Amino acid sequence: MPDHKRPHEEAEAEKSTPSSPPVTKRIYRKPFLDDDTESEEAEPVVRGTCMCGETTVALKSFPESDPSFCHCNSCRKWSGAPFLLYVSTPTSSIEIAGPVNEKKTYSGAWDTYRGRCGSCGTPLYARLGNPSESMYLVMTLFADEHGKFPDGFRKPASHNWYSSRVMDVKDGLKKLKEYDEEIEE
């Protein structure tokens, strides 16, 4: 039986190859520039990748904020895990290159946009608002094959939205009801 496709499906099929499904390619930030000049690219201090390696995240400097574990329902559903380790980073120091699929995942006081690798689906970041001054990068992007993070990243400081947790964590870190009020253990 012949394969009948609509014209737009044929155009999509021509654009893709069996090894790479059609995805939106975009760079979130232009390559960051050295503070002293507008013509030279600064070398990143650290790079991270998704599972397949097609999407890279490069940082101009290590984040100055402490990483946190998030236990909110949105992060759990998005990551498929009981909590997610992230670090807030200014967008001006981030370069993301490769296929990225971004979706608005929450509307409300903070519109939330979440990005995944467009090829393998690895969670990359969340950002609040549009435009965003900072992004919450998933820390595991930067871990080596043994789960170690490069020197320069701070150690995690807290568990946010711990009131929404699906499991208890005994690690001595602060437990915050949402993102500000500490819970007594």
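Note that the coordinates shown come from a computational prediction; the quantities given were computed from them, not determined experimentally. Residue numbers run from 1 in the order of the sequence given.
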- Message: Looking at Asp66 and Lys155, is any side-chain nitrogen of the basic one under 4.0 Å from a carboxylate oxygen of the acidic one?
- Response: no
- Query: Any luck finding a side-chain donor-acceptor pair between Tyr162 and Glu178 under 3.5 Å?
  - Reply: no
- Task: Using the rule that two of Ile, Leu, Val, Met, Phe, Trp, Tyr join whenever any of their side-chain heavy atoms come within less than 4.5 Å, decide whether Phe149 and Met135 are in one cluster.
- Result: yes
- State, without any angle test, whether Thr56 and Thr49 hold a side-chain donor-acceptor pair at a distance under 3.5 Å. no
- Query: In this structure, are over 12 heavy atoms from other groups packed under 6.0 Å from Glu133 atom CD?
  - Reply: no
- Note on the structure: For Asp171, the side chain to side chain donor-acceptor pair (under 3.5 Å) test, sequence neighbours excluded, returns His159, Lys175
- Message: Restricting to ring-ring contact (aromatic ring centres under 6.0 Å, His included), what partner residues turn up for Tyr113, sequence neighbours left out?
- Response: none
- Message: So Val100 and Leu124, do their side chains get closer than 4.5 Å, heavy atoms only?
- Response: yes
- Item | For Gly115 against Trp78, the heavy-atom pair lying closest together | O-CZ2, 3.3 Å
Identify all side-chain donor-acceptor contacts of residues 79-88 below 3.5 Å with residues at least two apart in sequence or on another chain.
| residue | atom | partner | partner atom | Å |
| --- | --- | --- | --- | --- |
| Ser79 | OG | Cys75 | O | 2.8 |
| Ser79 | OG | Ala81 | N | 3.3 |
| Tyr86 | OH | Asn160 | ND2 | 2.7 |

- Message: Could you check whether any side-chain heavy atom of Thr91 comes within less than 4.5 Å of a side-chain heavy atom of Arg127, counting everything from C-beta outward?
- Response: no
- Query: To the nearest 0.5 Å, how far apart are CD1 in Ile96 and CD in Glu102?
  - Reply: 8.5 Å
- Minimal non-hydrogen separation, Trp161 against Cys70, with atom names: CD1-SG, 4.0 Å
- Query: Phe142, Phe69: one ILVMFWY side-chain cluster at the under-4.5 Å cut-off?
  - Reply: yes
- Message: Going by the rule ring-ring contact (aromatic ring centres under 6.0 Å, His included), which residues pair with Phe62 if we only count those two or more places apart in sequence or in a different chain?
- Response: Phe153
- Message: For a quick test of reading the model, state the closest non-hydrogen atom pair linking Val166 to Arg76 and the distance between them.
- Response: CG1-NE, 3.4 Å
- Item | Interatomic distance, Met167 atom CE to His71 atom NE2 [nearest 0.5 angstrom] | 8.5 Å
- Message: Any heavy-atom pair between the side chains of Val57 and Ile94 that's under 4.5 Å?
- Response: yes
- Message: Quick check for you: to the nearest 0.5 Å, what is the distance between Asp168 atom CG and Lys170 atom NZ?
- Response: 5.0 Å
- Task: Search all heavy atoms of Thr55 against all heavy atoms of Gly98 and return the closest pair with its distance.
- Result: OG1-C, 3.9 Å
- Message: Rounded at 0.5 Å granularity, tell me how far OG in Ser68 sits from CE in Met139.
- Response: 10.0 Å
- Query: Counting only N and O atoms by type, is there a donor-acceptor contact under 3.5 Å from the side chain of Thr122 to the main-chain atoms of Met51?
  - Reply: yes
- Query: So which heavy atom on Ser163 is nearest to which on Ile183, and how close?
  - Reply: N-CD1, 4.0 Å
- Item | Note, Cys50 side chain near Ser119 side chain (heavy atom, < 4.5 Å) | no
- Query: Yes or no on side chain to side chain contact (heavy atoms under 4.5 Å, CB included) for Ser158 and Leu173, after CA distance, side-chain angles and deciding distance?
  - Reply: CA-CA 5 Å; Ser158 64; Leu173 298 179; 5.6 Å; no
- Message: If the condition is side chain to side chain contact (heavy atoms under 4.5 Å, CB included), which residues does Asp151 pass it with, not counting sequence neighbours?
- Response: none
- Query: Using 4.0 Å as the upper bound for N to carboxylate O, is an ion pair formed by Arg154 and Glu64?
  - Reply: no
- Query: Any side-chain heavy-atom pair from Ser134 and Thr89 closer than 4.5 angstrom?
  - Reply: no
- Query: Which pair of non-hydrogen atoms, one from Pro123 and one from Leu141, has the smallest distance, and what is that distance?
  - Reply: O-CD2, 3.8 Å
- Message: Test of understanding: with side chain to side chain donor-acceptor pair (under 3.5 Å), list the residues that count as partners of Arg116, not counting sequence neighbours.
- Response: none
